[in-house]
Peer 1: 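Submitted below is the structure of interest, expressed as structure tokens.
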Amino acid sequence: MSDQIRVRFAPSPTGSVHIGNIRAAVFNWLFARHEGGKFLLRIEDTDLARSTKEAVDKVLDAMAWLGLDYDEPVVYQTHNAADHLAAVERLLSTGHAYKAVKESVDPATGERKSGEVVLFRMPREGRIEYDDLVKGHMRKKAEDTQDFVIVRSDGSPVFHVANVVDDIKQGVTHIVRGDDHVENTFKHVKIFEALGAPVPKYAHLPMIVNAQGKPYSKRDGAAFVGDFKERGFLPEALFNFLALLGWAPGDDREIMTRKELVEAFSFERCKSSPARFDLKKLLWMNGEYIAAQPPDVFKAELSARLAAAGLPSAPLGCGLDELVPPVQIRTKTLSDLPGNCEYFFREDIAYDPAAVEKRLHAPGAKERLLAFADAFAAMPDFSAETTEALVRAEAEKPTPDGKPVGMGALVHPIRVAVSGRTEGPGLFEMLALLGRDRVVRRLRAAASL
RNA sequence: GCCUCUAUCGUCUAAUGGUUAGGACGCCAGGUUCUCAUCCUGGUAAUCCGGGUUCGAUUCCCGGUGGAGGUGCCA
């Protein structure tokens with residue numbers, strides 16, 4: 001065998017892929033790519049009624065979405081059941097394990113169980129130690145450990161043996177996982193030794209906690225990878241953000257390409273304390289990634305979402321290409337699409353009630369709208385430049401009290417009249433993109449709102 | 001309770017036995033603009049507490065406190 005690095009992501013398919021779990025996958029992947037090693041995927045589907053085909057697909061989907069490609073065929077833990085039991089036989093024959101009748105109560109269900117199980121024998125004195133690439137030297141007194149079940153009374157092996165045996169079988173050199181596994185590691189180290197296998201290196205990553213600093217739960221909303229996809233986050237943005245949770249390159253870089261992340265990654269730079277998930281920062285980062293998308297890529301996203309919303313594939317008054325730049329810069333998540341530019345695609349636009357009240361019901365607003373409708377209709381040339389010149393000229397004119405009308409008093413009502421809302425691209429750019437006829441029509445219609 | 005780990009702005013983090021403790025997000029203010037977004041400028045804000053070692057500690061050590069994990073015939 002070579003001394004190539006081999007790591008694995010070993011999720012149990014129990015529904016959706018948790019954001020904390022996928023982060024472990026991200027770090028495994030980053031480490032493997034940095035070292036030029038292999039990144040493996042093992043589905044730990046042992047004995048769980050919950051591990052369905054759908055659940056496995058969700059894991060696969062989440063990984064594909066984030067671009068976490070693995071280097072060897074997926075291993076399903078249940079397929080290795082014979083190896084697990086064979087290993088238990090060896091442990092039994094070498095005295096590292098023994099059978100015993102045990103009673104227990106499932107803390108979750110309250111169910112009582114009794115029967116013969118196989119227990120792994122932990123040392124009674126001395127210390128169990130291992131070096132953690134993130135947490136440093138770990139040690140635990142043997143007296144603080146207990147023998148533990150490795151085969152249930154129904155004959156099925158539990159996680160601890162299955163996990164270790166599979167890691168041996170797959171030649172895993174580095175185990176990178178959440179630090180909820182640190183205690184298990186004291187057990188696993190002993191199993192590796194009892195099986196005569198080299199103990200792999202360990203790297204335990206800090207947990208990700210929610211905005212309240214508490215462990216993530218389903219109630220936190222976006223707790224699953226799929227949620228982020230649905231909410232319009234780009235995988236590159238989430239990937240970048242996740243990489244920065246518990247790790248930093250050491251310089252001031254934050255927005256980093258996958259390549260840069262791979263190059264800079266190391267466990268020495270991993271933190272060892274829990275990190276909070278700051279959605280605001282992810283939102284910012286996502287906006288940065290969207291703004292940086294090639295226009296064609298953004299256009300494809302927009303098109304897909306227009307179709308999904310049942311809107312036409314092109315704006316009513318211009319080409320889609322013209323609309324892309326002003327919309328792209330204002331999009332923070334893909335879910336903003338097409339809502340933030342809908343009025344370019346449909347005639348029956350929705351008016352923001354507050355905006356109507358403030359801008360269209362202002363004194364003199366209706367008269368101005370009608371006047372501008374007439375003026376726009378009569379212009380020889382209707383463009384951003386000509387409409388702006390006209391509005392600016394109008395803004396210079398004095399009101400009865402002698403002061404100039406001002407741009408605000410004109411621009412705001414026009415904007416609300418043609419778009420229904422208070423924000424958006426520059427007004428004159430918007431008018432040109434909408435087209436003269438539509439602008440004139442909307443101005444007149446808005447005057448009677 | 002016991003065990004393992006952990007602690008820098010609100011959040012993510014950088015740095016160091018001697019620094020004005022840096023950056024980013026957020027927030028606030030100003031500039032630009034017709035709005036929003038962008039962009040530019042500035043500001044706010046941190047070394048958990050108590051001992052010890054040291055000329056000097058945020059950094060090293062000990063204790064406390066807070067936080068996380070574990071303490072299953074779950075994974």
Side-chain angles (χ1 to χ4, degrees), chain A residues 10-14 21 44-48 50-51 77 102-108 111 113-119 132 134-136 138-141 143-146 148-160 162-163 177-186 204 206-207 209 211 213-215 241 244-255 269 271-285 287 291 326-332 340 355 359 388 391-392 395 406-412 414-416 419 421-430:
Chain A
S12 58
T14 56
N21 291 144
E44 303 214 326
D45 55 351
T46 41
D47 115 298
L48 279 182
R50 295 177 292 177
S51 66
Q77 188 156 66
K102 196 169 186 285
E103 277 193 31
S104 71
V105 181
D106 186 322
E111 188 184 341
K113 274 188 183 175
S114 177
E116 190 184 62
V117 296
V118 178
L119 292 142
D132 194 292
V134 173
K135 293 183 172 293
M138 304 288 283
R139 54 167 59 185
K140 195 180 184 75
K141 290 201 281 280
E143 63 201 69
D144 290 325
T145 68
Q146 289 183 343
F148 55 95
V149 173
I150 53 175
V151 179
R152 301 183 183 87
S153 51
D154 68 2
S156 63
V158 306
F159 161 74
H160 302 297
N163 187 266
R177 59 196 352 179
D179 72 14
D180 49 334
H181 281 294
V182 293
E183 298 291 331
N184 289 334
T185 306
F186 293 107
H204 285 105
M207 301 274 91
V209 295
K214 297 297 175 192
F241 182 77
L244 258 22
L245 242 33
W247 175 85
D251 47 40
D252 286 336
R253 287 180 294 170
E254 295 215 300
I255 301 277
R269 299 208 58 85
K271 296 256 298 181
S272 185
S273 47
R276 292 192 193 207
F277 194 98
D278 182 2
L279 194 60
K280 286 241 184 77
K281 187 156 185 173
L282 206 214
L283 230 24
W284 161 77
M285 193 171 272
V327 172
Q328 185 168 359
I329 191 68
R330 291 172 174 79
T331 301
K332 295 302 164 200
N340 63 351
R359 301 300 184 189
E388 177 163 4
V391 173
R392 283 198 184 281
M407 287 291 274
L410 306 180
V411 163
H412 295 310
I414 297 174
R415 171 184 297 282
V416 174
S419 74
R421 42 175 68 217
T422 57
E423 79 287 346
L427 177 67
F428 307 107
E429 178 181 17
M430 182 191 284

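Protein chains get the first letters and strands the later ones, always in sequence-line order, with residue 1 at the start of each.
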Peer 1: Using side-chain heavy atoms (C-beta onward) and a distance below 4.5 Å, is A/Val151 in contact with A/Val117?
Peer 2: no
Peer 1: Starting at the 5' end of RNA chain B, which residue's closest nucleotide do you reach first, A/Phe186 or A/Leu244?
Peer 2: A/Phe186
Peer 1: Would you indicate which nucleotide in B/A68, B/U38, B/A75 comes nearest to any side-chain atom of A/Lys332?
Peer 2: B/U38
Peer 1: Please determine, for the side chain of A/His181, which listed nucleotide (B/A75, B/C34, B/U38) has the closest atom?
Peer 2: B/A75
Peer 1: Side chains of A/Val118 and A/Arg152, heavy atoms from C-beta outward: is any pair under 4.5 Å?
Peer 2: no
Peer 1: Could you check whether A/Met285 gets within reach of a base, just the sugar-phosphate, or nothing at all, counting any heavy atom under 4.0 Å?
Peer 2: nothing
Peer 1: Checking contacts here: which listed nucleotide (B/A75, B/C34, B/A68) is nearest the side-chain heavy atoms of A/Met207?
Peer 2: B/A68
Peer 1: Using the rule given for salt bridge (charged side-chain N to carboxylate O under 4.0 Å, His left out), can you reason through A/Lys281 versus A/Glu254, listing the C-alpha separation, both sets of side-chain angles and the distance that settles it, and then say yes or no?
Peer 2: CA-CA 11 Å; A/Lys281 187 156 185 173; A/Glu254 295 215 300; 3.1 Å; yes
Peer 1: Suppose we define a pair by two distances each less than 3.5 Å, Watson-Crick or G-U wobble; what does B/G56 pair with here?
Peer 2: none
Peer 1: Looking only at atom C1', what distance separates B/U54 and B/G18, rounded to whole Å?
Peer 2: 12 Å
Peer 1: Provide the distance between the two C1' atoms, one in B/U4 and one in B/U16, to the nearest whole Å.
Peer 2: 29 Å
Peer 1: Rounding to the closest angstrom, what is the interatomic distance between B/U58 and B/C40 at atom C1'?
Peer 2: 34 Å
Peer 1: For B/G22 versus B/C39, give the span between their C1' atoms, rounded off to a whole number of Å.
Peer 2: 23 Å
Peer 1: What interatomic distance, in whole Å, is found between C1' of B/G50 and the corresponding atom of B/C74?
Peer 2: 42 Å
Peer 1: Which nucleotide in the list B/U4, B/C34, B/A75 gets nearest to the side chain of A/Gln77?
Peer 2: B/A75
Peer 1: Quick one: A/Trp284 CH2 to B/C27 P, roughly how many Å, whole number?
Peer 2: 13 Å
Peer 1: Once you apply the 3.5 Å cut-off to both distances, tell me the Watson-Crick or G-U wobble partner of B/U32, or none.
Peer 2: none
Peer 1: Please tell me if A/Lys102 has a side-chain N or O lying less than 4.0 Å from either OP1 or OP2 of B/C73.
Peer 2: yes
Peer 1: Say you pick atom C1' in B/U71 and the same atom in B/C48; how far apart are they, in whole Å?
Peer 2: 27 Å
Peer 1: What are the two closest heavy atoms between A/Ser114 and A/Glu103, and how far apart are they?
Peer 2: OG-CG, 3.4 Å
Peer 1: Considering non-hydrogen atoms only, spot the tightest contact between A/Arg330 and A/Pro326 and give its length.
Peer 2: NH1-O, 2.9 Å
Peer 1: From the options B/G26, B/C12, B/C73, select the nucleotide whose nearest atom is closest to the side chain of A/Arg152.
Peer 2: B/C73
Peer 1: Kindly point out which of B/C74, B/G26, B/A68 is positioned nearest to the side chain of A/Lys280?
Peer 2: B/G26
Peer 1: Give A/Val117 one of three labels, base, sugar-phosphate or nothing, depending on what nucleic acid heavy atoms sit under 4.0 Å from its own.
Peer 2: base
Peer 1: What's the CZ-C1' distance between A/Arg177 and B/C5, to the nearest Å?
Peer 2: 15 Å
Peer 1: Any N/O pairs under 3.5 Å between the protein and nucleotides 60-63 of chain B? List them or say none.
Peer 2:
none

Peer 1: Does any donor atom in the side chain of A/Ser419 or A/Arg415 lie under 3.5 Å from an acceptor atom in the other side chain?
Peer 2: no
Peer 1: Tell me what A/Gly250 touches on the nucleic acid: a base, only sugar-phosphate, or nothing, going by heavy atoms under 4.0 Å.
Peer 2: sugar-phosphate
Peer 1: Check every atom of B/G70, B/A24, B/U11 against the side chain of A/Arg276 and return the nucleotide holding the closest atom.
Peer 2: B/U11
Peer 1: Where the side chain of A/Ser273 is concerned, which of B/C34, B/A75, B/U6 is the nearest nucleotide?
Peer 2: B/U6
Peer 1: What verdict does the salt bridge (charged side-chain N to carboxylate O under 4.0 Å, His left out) test give for A/Lys280 and A/Asp278, after you've listed the backbone C-alpha separation in whole Å, the side-chain angles of each residue and the deciding distance to 0.1 Å?
Peer 2: CA-CA 5 Å; A/Lys280 286 241 184 77; A/Asp278 182 2; over 6 Å; no
Peer 1: Please determine, for the side chain of A/Glu44, which listed nucleotide (B/C73, B/U13, B/A75) has the closest atom?
Peer 2: B/A75
Peer 1: Strictly by Watson-Crick or wobble contacts shorter than 3.5 Å, is anything paired with B/C25, and which nucleotide is it?
Peer 2: B/G10
Peer 1: So what does A/Gly287 touch, heavy atoms closer than 4.0 Å: a base, only the sugar-phosphate, or nothing?
Peer 2: nothing
Peer 1: Under the 3.5 Å rule, do the base of B/A75 and the side chain of A/Asp180 count as making a donor-acceptor pair?
Peer 2: no
Peer 1: Taking all atoms of both residues into account, what is the closest heavy-atom pair of A/Pro206 and A/Asp179, and its distance?
Peer 2: CA-OD2, 3.6 Å
Peer 1: Where do A/Phe159 and A/His181 land on the ring-ring contact (aromatic ring centres under 6.0 Å, His included) test, with the steps shown first?
Peer 2: CA-CA 12 Å; A/Phe159 161 74; A/His181 281 294; 5.7 Å; yes
Peer 1: Which part of the nucleic acid, if any, lies within contact of A/Arg253, taking any heavy atom under 4.0 Å across all strands shown: a base, the sugar-phosphate backbone alone, or nothing?
Peer 2: nothing
Peer 1: To the nearest Å, give me how far apart CZ (A/Phe277) and P (B/A68) are.
Peer 2: 19 Å
Peer 1: Rounded to whole Å, how long is the line connecting atom NZ of A/Lys135 with atom C1' of B/A68?
Peer 2: 8 Å
Peer 1: Distance check: side-chain N/O of A/Arg392 vs OP1/OP2 of B/C34, anything under 4.0 Å?
Peer 2: yes
Peer 1: Between B/U35, B/A24, B/C73, which nucleotide gets closest to the side-chain atoms of A/Val149?
Peer 2: B/C73
Peer 1: Counting Watson-Crick and G-U wobble pairs only, both distances under 3.5 Å, name the nucleotide matched with B/U4, or none.
Peer 2: B/A68
Peer 1: Is it true that, when you exclude A/Glu423 itself, more than 12 heavy atoms of the residues, nucleotides or ligands shown sit nearer than 6.0 Å to its CD?
Peer 2: yes
Peer 1: Just name whichever nucleotide pairs with B/A15, Watson-Crick or G-U, keeping both distances under 3.5 Å, else none.
Peer 2: none
Peer 1: Do you see a donor-acceptor pair shorter than 3.5 Å between the side chains of A/Thr185 and A/His204?
Peer 2: yes
Peer 1: In whole angstrom, give me the gap between the C1' atoms of B/U44 and B/A29.
Peer 2: 10 Å
Peer 1: For B/C74, what is the paired nucleotide under Watson-Crick or G-U wobble rules, both distances under 3.5 Å?
Peer 2: none
Peer 1: Using purine N1 to pyrimidine N3 plus N6-O4 or O6-N4 for Watson-Crick, or N1-O2 and O6-N3 for G-U wobble, both under 3.5 Å, which nucleotide pairs with B/G63?
Peer 2: B/C49
Peer 1: For A/Arg330 and A/Ser153, find the nucleotide of RNA chain B closest to each by heavy atoms; which residue's nucleotide sits nearer the 5' end?
Peer 2: A/Arg330
Peer 1: With rounding to the closest Å, how many angstrom separate the P atoms on B/C12 and B/U41?
Peer 2: 27 Å
